[in-house]
Structure formats: structure tokens, C-alpha cells
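Both ligands and their constituent atoms are indexed starting at 1 by order of listing. Sequence positions, counted from 1, serve as the residue numbers for this chain.
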Amino acid sequence: MEKYVINGGNKLYGSVDIQTAKNSVLPILAATVLTDEKIRILNVPEISDVNNMVKILIRLGCKAVFSGRDLIIDSSSADCFEIPSELAHELRSSVFLLGSVVSRFRMAKIAYPGGCDIGLRPVDLHLAGLKRLGVQITEKNGYILCKCDKLTGNEIMLDCPSVGATENIMLAAVRAEGCTTIKNAAREPEIEDLQRFLNAIGAKVSGAGSGTIKIEGVKKLGGCEYLPIHDRIEAGTFLVAGAMCGGEVEINCSCAENLSSLLHKLRENGCNIYIKNDKIVLGSNRRLTSVKSIETQPYPGFPTDLQAQITALCCICSGQSIITENLFETRFKYASELRKMGADITVINRSAFVRGIDRFKGATVVAHDLRGGAALVLAGLAAEGRSEILYISHIDRGYGAFEYKLRKLGADIVRVAV
Ligand code: EPZ
């Protein structure tokens, strides 16, 4: 096990490069099972969710080789349609493989997925969508068993704009017979990225980013080289770090458009933000004013994956805020850890009620999940004194070279074996 040791109080100055998006790369990796041609995914982030997804692909019989940060996948020798629990439980995105594995083998057997413990995280919408395409599904002993004679295009209406369900259905539909329409589809930028990737290997997908996605089934898919979009959540995390610590940070990413809900809130807090070409520059004098309320929503609303980070910021703004988490049932586990650092935060049902304090006090705290863990790091950077963040393997799932990038901005943070 490893921990971060942080001496807080340094302002942050400088420029940081942003990784390619975890939540694009993971469904794209699932999509590589759909073709026998080689795929080269460029500049893949150095995170454990990617490494675990690669382990699953290798278990399916795919070849996966890193060349620097590029990842070359060859699924021509894939010969297994079963993902065991010890791999599936590692990450949520193992569930995306249902769609691509059943498309390739007409069979799939996958243990229930893992991922951050932030709520119930059902898969009913994934399964309902696959059934609409002709998949027979049984759930037994913690496994989801899928089989079909063939996949046939259909119209699918999602009860809620689930990112994963949208992606899973896209993957199952690209080689189905006939056309599929997904209504009330998720509109996240990562869905558009998946569409671009699928079309780059010969699929016929349109409408991603709107609420309706159309897929015209094709018989065969090819290969390609593909550079995924920047990780807007990593970029947002560094922007909030700059706001909390004070100073001036320059975020090298072309994702300002995808972060407009966060940028709007940070400007309300009193941050100076300007965008030039592929950079977002944020200046902060550290004592910021609270925003009255923040509600997480499906894209383009405020992203749930930045909820913990903006709440940590609200804790050290003057005034009061109410942050409401509308997507996941238990995504405030980090609040009790922030209280150990002096935060005045009370969670009632899906809302956190925050009264701003002057500064966090350093403390030893525990990361319970990926984004909550990142929020604790930001609190430690802004705190007075020394903090230790335990169980940072949660953070390693989604942030590559996190402490290195923060040190480059002037933070005093080191990774220590426990
Ligand atoms: C994806 O998770 C992301 N993960 C999450 O990022 C992100 O928080 C989430 O989308 C929302 O944006 C990946 O892309 C790998 P959902 P996913 O299905 O697909 C309900 C991170 O920190 N729902 O959009 O699991 C569900 O309960 C991670 O990077 C059903 O009811 O999210 C939730 O309330 C955390 N039935 C809502 O939809 C289903 O079958 C949104 O979930 C599926 C979902």
C-alpha cells in the first residue's frame, strides 16, 4: 500500500499537460474486440484502470503491447468470451465488454463489474438495451450470461442517459443486422469520442453528443491509429487545485468547451480564467467566495466526477454552499475525511451543506474512491501543515503521474510506501 505525504500551503504556478481521457480510452479498449485488424491507441494514460482493462483483453486472447505510451491491440486471436470475477471486479468498464464480446462470439459471460463504491451502480439499462438487440440474458451466481443467434438493430429508449449503457449498446449495435436508434442517450464528450473511433474503423454511427444516436450495422470493421480526447476531469481537477492553492496554473488541453459548467462556477468563486488556443489559464488569490448551490447533472450539466473537488473548494470559500449529487447515491464518503481537516460540512441525503472556513488543517485521511481521493489531495495541498492521504491506489485508477504533475506546479507532495 502507498500514501501521499503533503506539506500544504504552496501556491501553484506553471503549466500542466493533460492525459487522454480515461472514460474514452476504456470503452475504446472494449471496442477493439470488435475487429481483427490492429488498433493503435495513441498516448494512453498511465493509470491502473487501463492496465486492468488490458489484462482483461489479454485474458480474452487479444494481443496488447505498449510502445511508449501508445497501446497496440490485435484481437485477431481472441478466443474467449468469459471475464472472471477477479478481473471484472477491478473496474466498472469491464461491463462495456458485454456489448463487444457478445457481438464477436454471440456469447459472453462476465462477472458483475467493480468500480468506485459511489452508489448502487446497477446494469439494468445495459441489459435491457442488449435484450432489445436480441440477446438472451441470464444472471446467475454473480455472473451475467449472454447469448444470441444474431444481433438485430432496434429502437432503444434509455430510462436515464446512462454513459455506460449508451456505450455498451453502441458496441453491440455496430455489427448488428440493420439500424439501431438509442434515444435519451448520454451526451458526454467521451461518447462522441467513441463514435469517432468506431467510425474510424468503418462503423456507421451518428448523433453522439445529441440525445439520439443512430447506428447502421456493418459486417466488418477495420483497424486505425487513434488519439483520444483530453481528460476533462483531470483538467478540472487541476483547475480546482489552482483555485484552492492560489497562484496561476496553465492547463494544456483542448477541453475548455467540455468544462464550461466548471469554468462558470470557478468564475463565480472569483477566479480569473482565460482561454487561449489549447490552454486554460486560471489565476486565484486563494480567498474565494462561495457559490450558493451546485447540482450534478448528466452532461452538459455540472459533472458528478468533479463534485468532490468543487466541494473541497467550497469548504475554504467565504460563505455557504449546498452541493447536491443527483447521479450517485453515496458519493460523499470523502466528507467525513474533510471534517478531520477542519471542514464544516454536513451531508443530508444527497446534499452537502458547507460553511466556509479560512483554511484546512493538515491531517491523516483515507481515500475511499477515485474522485473523493483526489479531492483530499487538493485539500492537503491547500491545508496548513502536513497531511497524509492513505489508500491512494484509488487515485492511481484515474490520474497518471499525479504527484509528479503537482510537484511540477510547486506542490510539496511525495508518494511513500506504507
Ligand atoms: C460513467 O460511469 C463513468 N465511468 C463515471 O466516471 C461517471 O461518473 C458516470 O459515467 C457519470 O458521468 C466510466 O465511463 C468508466 P452511468 P457509469 O451509467 O457508466 C444509473 C470516474 O470517476 N444507471 O452514466 O457507471 C446509475 O445508477 C467514474 O471516472 C442505472 O440506473 O455511469 C447512475 O445513477 C465514476 N442503470 C446514473 O445512471 C444502469 O444500467 C449514471 O450512471 C446504468 C446506470
D231 and K22 ion-paired at < 4.0 Å: no

Protein heavy atom at shortest distance from atom 36 (N) of ligand 1: D124 OD1, 2.7 Å

N/O separation below 3.5 Å, V163 to ligand 1: yes

Stepwise salt bridge (Lys or Arg N to Asp or Glu O under 4.0 Å) check, K3 with E388: CA-CA 7 Å; K3 65 184 178 183; E388 293 194 358; 3.0 Å; yes

Between S76 and D36: side-chain donor-acceptor atoms closer than 3.5 Å: no

Per-atom contacts, ligand 1 versus R331 - under 4.0 Å to a heavy atom: 8 (O), 22 (O), 35 (C)

Side-chain donor-acceptor contact under 3.5 Å, N168 with H126: yes

Donor-acceptor side-chain pairing of T181 and E155 below 3.5 angstrom: no

Numbered atoms and elements of ligand 1 in range of R121, under 4.0 angstrom, heavy atoms: 2 (O), 17 (P), 25 (O), 35 (C)

Within reach of ligand 1, part of D305 (heavy-atom separation under 4.0 Å): side chain

K22 neighbourhood, listing ligand 1 atoms whose heavy-atom distance to it stays under 4.0 Å: 21 (C), 29 (O)

Distance from atom 15 (C) of ligand 1 to nearest protein heavy atom, with residue and atom: N23 OD1, 3.4 Å

Atom 32 (O) of ligand 1: the protein heavy-atom neighbour that sits closest, reported with distance to 0.1 Å: F328 CZ, 3.9 Å

Protein contact of atom 40 (O) of ligand 1 - nearest heavy atom, named by residue and atom, plus distance: L125 N, 2.8 Å

N or O pair under 3.5 Å between E329 and ligand 1: no

L370, portion touching ligand 1 at heavy-atom distance under 4.0 Å: side chain

Ligand 1-proximal atoms of A165, by part, heavy-atom distance under 4.0 Å: neither

Check: N23/E190 side-chain N/O donor and acceptor closer than 3.5 Å: no

Heavy-atom nearest neighbour in the protein, as seen from atom 20 (C) of ligand 1, with distance rounded to 0.1 Å: C160 SG, 4.0 Å

Residue portion contacting ligand 1 (non-hydrogen atoms closer than 4.0 Å) for Q307: neither

T304 contact mode with ligand 1 (heavy-atom cut-off under 4.0 Å): side chain

Minimum non-hydrogen distance to atom 26 (C) of ligand 1, winning option of S162, A30, P122: P122

Geometric class of the F197/Y226 ring pair [parallel <30°, tilted 30-60°, perpendicular >60°]: perpendicular

Distance-only N or O hit between ligand 1 and G164, under 3.5 Å: yes

Interatomic spacing from CD in Q320 to CG in D344 - rounded to 0.5 Å: 8.5 Å

Any G398 heavy atom less than 4.0 Å to ligand 1: no

Within-cut-off N or O pair, L327 and ligand 1, under 3.5 Å: yes

Protein heavy atom at shortest distance from atom 25 (O) of ligand 1: R92 NE, 2.8 Å

Side chain, backbone, both or neither: R371 near ligand 1, heavy atoms under 4.0 Å: side chain

Part of E167 with heavy atoms under 4.0 Å of ligand 1, whether side chain, backbone, both or neither: neither

Distance-only side-chain donor-acceptor flag, T237 / Q309, under 3.5 Å: yes

Over 12 non-hydrogen atoms of neighbours within 6.0 angstrom of OH in Y391: no

Which residues share a side-chain hydrogen bond (donor to acceptor under 3.5 Å, both in side chains) with S254, sequence neighbours left out: H230

R69 and N43: side chain donor to acceptor below 3.5 Å: no

Side-chain donor-acceptor contact under 3.5 Å, D17 with N252: yes

